[in-house]
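Report on one structure; see the data block that follows.
All figures in this text were calculated on a predicted structure; none of them were measured in a lab.
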Amino acid sequence: MRPDANPAVRLVRAAVQPRLPGRAGRPALVNVAPLRVGVLGAGTVGREVIRALLEPPLRLAPFDGAPLVLTGVAVRDVPRAVAAGIPEALLTDAPAHLVASPEVDVLVELMGGAEPARTLVRAALANGRPVVTANKHLVAHHGPELEQASRASGAPFRFEAAVGGGIPVLGPLALDLAANRIARVRGIVNGTTNFILTAMAREGREYESVLADAQARGYAEADPTADVEGLDAVNKLVILARLAFGAWIAPGAIDNRPGTVTGSAGRPGITGVTADDVAALAAEGRIVRLVATARLAEDGALEASVVPSAVPSDSPFGRCDGVLNRIEVDAAPVGRVAFEGPGAGGPATASAVLGDLVAIARGLGSTWAGLPPATGWTGIPVRPLAGECVAAPSGACYPVSD
C-alpha cells in the first residue's frame, strides 16, 4: 500500500502543515510527510504507546519535525488485540514482515527478552531503519553489536525507556552532562525490590512474606528472579555505564552478591535480606536499599556492583520509597545531579518511548548522541565496588552508602 493510501497518513498530511516564510512576509503552507511507525508488541507498555499514537495527530507532531502516525502493530494474538481496541487493519502476527514493510519508517520494539527481539532490531538497523526500544535486556546484552549496526547504517537507535521508566536520565548523561567528567553513577533502579524492602522496613515482615504479597498485588512477576536477584538492575547499570563512561560492560562482570562476614559471597540481590537485618540497621538509623553503582577508580578501572546497601534512613535514597526510582550522577564541574520519579509501569515507560519517537522525528539521532563509538565489550578492568560495609545478623555485610 502506498503511504497516501493509508487514511491515517492522509489525516496527518491534512492536519499538520507547518508555516514557512512566504513572499511579502506572508506564510506559505507545505505538507510534511509523516514518520510511519511500526510497533512490535502490545503489552503493558505497547498498549500505552499505541493509544497515544492513535490519538489526534497534533499531539505527536513536533513543530520542527515530522508528525508520527501508526501504520502497523505486530502481536502474538490478533483477536485479543482487536478485543483490546486496536484497529484490526493495523495488526499482524508476523513481526518480521512488519520490520521489512516499506510502509514503516521507524520501528518500536516492545516485545522484551532476547529473541526474536535481537534479530528483528538488528535487521531493522542494518537496513537503515531507526529503532526505539524499552528492552533493557536487549540493550545490555547486545549493546555493542546493535551500536555497531546503527553506526554502520546511520539509523538512530534510541533506548531512553530502558532505564528509569519515565525518568529522563540517558539523554542528560549523553547531552547535558557531556562537558563533565563523570566519576560515579548510582541509583535505585528496580521498583519491585524497592517496594519489597520498603514494606520489610515498615512492617517488620520477612522477605518471603512480602514477596508473596507483592506477587498477589501485581508488583512482582510470577517468576521474580530477574528483579529480586538484581539482574534487571544489572542490565540498567550496564546501560548507564555506557553513557557515563563510554564503555559497554558485560553484564556478567557486575557483582550482584553482597559480601559476608566470612569473606564468601552472599545470596544474589535482595534474596538474603532478613527482617532481623532490616531491624538491626534501623536501630543505627539505616535502611536497606538495592543500589546499583558504577564508578571510575583512581587506577582507571571501573568498579561496578548491584547489591543491597545500608543507606541513612533520612537520606534521599533512604526516603525513596515503594516503586520510585532515583539515580544520582557525580561529575565535575557540575557536582551531584539527581533524577527521581516513576521507574516502571505502562504510562511512565510509554512517556520515554514516545519522547524517543519525537526525537527521531526531529532528527536528533541515537541515545549516545555525540559520544565516541563503543562497538565491543570494554577492555577496561571491571571489579566489585570497594569500601566499608556493615555486618548484619544474617552474616551479610552490606556496603555503607551515603
Side-chain angles (χ1 to χ4, degrees), residues 1 5-9 35-55 57 60 68-125 127 129-139 141-142 146 158-159 161-162 165-166 191-192 214-227 231-232 235 344-354 356-357:
M1 180 175 16
N6 186 325
V9 174
L35 194 66
R36 300 167 298 173
V37 180
V39 177
L40 304 180
T44 302
V45 178
R47 285 193 301 271
E48 296 295 332
V49 171
I50 291 164
R51 182 179 294 114
L53 289 170
L54 289 174
E55 288 181 355
L60 292 174
L68 299 165
V69 60
L70 182 64
T71 56
V73 179
V75 295
R76 291 180 180 178
D77 189 336
V78 170
R80 182 178 179 182
V82 171
I86 301 175
E88 187 172 6
L90 295 174
L91 291 165
T92 178
D93 59 3
H97 292 174
L98 189 64
V99 171
S101 171
E103 295 183 25
V104 173
D105 299 314
V106 58
L107 188 72
V108 178
E109 185 278 307
L110 299 172
M111 305 170 76
E115 292 291 355
R118 170 186 166 272
T119 297
L120 295 170
V121 168
R122 196 182 190 291
L125 291 172
N127 289 326
R129 185 160 296 165
V131 174
V132 172
T133 185
N135 190 338
K136 60 258 184 186
H137 180 94
L138 174 72
V139 179
H141 288 258
H142 303 286
L146 296 177
R158 298 191 67 91
F159 43 89
T192 298
Q215 289 173 313
R217 297 169 63 179
Y219 291 131
E221 300 287 346
D223 179 2
T225 302
D227 291 320
L231 304 179
D232 174 82
N235 288 338
T349 307
S351 169
V353 171
L354 293 165
D356 272 349
L357 280 172

- Message: Test side-chain contact (heavy atoms from CB on, under 4.5 Å) on V104 and R129; report intermediate values, then the result.
- Response: CA-CA 8 Å; V104 173; R129 185 160 296 165; 4.1 Å; yes
- Item | Step-by-step salt bridge (charged side-chain N to carboxylate O under 4.0 Å, His left out) determination, D93 to R76 | CA-CA 5 Å; D93 59 3; R76 291 180 180 178; over 6 Å; no
- Are K136 and D232 close enough, and set up right, to give a side-chain contact (heavy atoms from CB on, under 4.5 Å), and what steps lead you there? CA-CA 8 Å; K136 60 258 184 186; D232 174 82; 2.6 Å; yes
- Hey, mind stepping through R122 and L146 against side-chain contact (heavy atoms from CB on, under 4.5 Å) and telling me if it holds? CA-CA 6 Å; R122 196 182 190 291; L146 296 177; 3.9 Å; yes
- L107/V99 under side-chain contact (heavy atoms from CB on, under 4.5 Å): CA gap, chis, key distance, verdict: CA-CA 7 Å; L107 188 72; V99 171; 3.8 Å; yes
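When all heavy atoms of P95 and A74 are compared, the closest pair comes out as CA-CB, 3.7 Å. Closest of all the heavy-atom pairs between A162 and N135 is CB-C, 4.4 Å. Nearest heavy-atom pair, A117 versus G113, reported as atom, atom and distance to 0.1 Å: CB-O, 3.8 Å. Closest non-hydrogen pair, A114 versus L138, comes out as O-CD1, 4.4 Å. Summarising the geometry of M111 relative to P116, their closest heavy-atom pair is CE-CG, 3.6 Å, with the distance given to 0.1 Å. Taking all atoms of both residues into account, the shortest heavy-atom contact from D356 to F159 is OD2-N, 3.4 Å.
Put simply, the side chain of D105 does not reach to within 4.5 Å of the side chain of V37, judged on heavy atoms. Counting heavy atoms from C-beta on, the side chains of P87 and L54 come closer than 4.5 Å.
In this structure, CG in L53 is found 6.5 Å from CG in L357, a value given to the nearest 0.5 Å. Atom NE2 of residue H137 and atom CZ of residue R118 lie 10.5 Å apart, to the nearest 0.5 angstrom. If you take CG on L40 and OG1 on T133, they are separated by 9.0 Å, rounding to the nearest 0.5 Å. Between L120 atom CG and L98 atom CG the span is 9.5 Å, to the nearest 0.5 Å. Between the NE2 atom of H141 and the CG atom of N235 there is a distance of 4.0 Å, given to the nearest 0.5 Å. Rounded to the nearest 0.5 Å, atoms CG (L70) and CG (L35) are 11.5 Å apart.
Put simply, the side chain of R158 never gets that close to the backbone of V131: no donor and acceptor are under 3.5 Å apart. Panel note: side chain T349, backbone V45; no donor-acceptor pair is recorded below 3.5 Å.
Listed by first then second residue, pairs satisfying salt bridge (charged side-chain N to carboxylate O under 4.0 Å, His left out) with a partner in residues 78-88 number zero, not counting sequence neighbours.
Side-chain polar atoms of E48 and T44 form no donor-acceptor pair below 3.5 angstrom. Between the side chains of D223 and T225, at least one donor-acceptor pair of N or O atoms lies under 3.5 Å.
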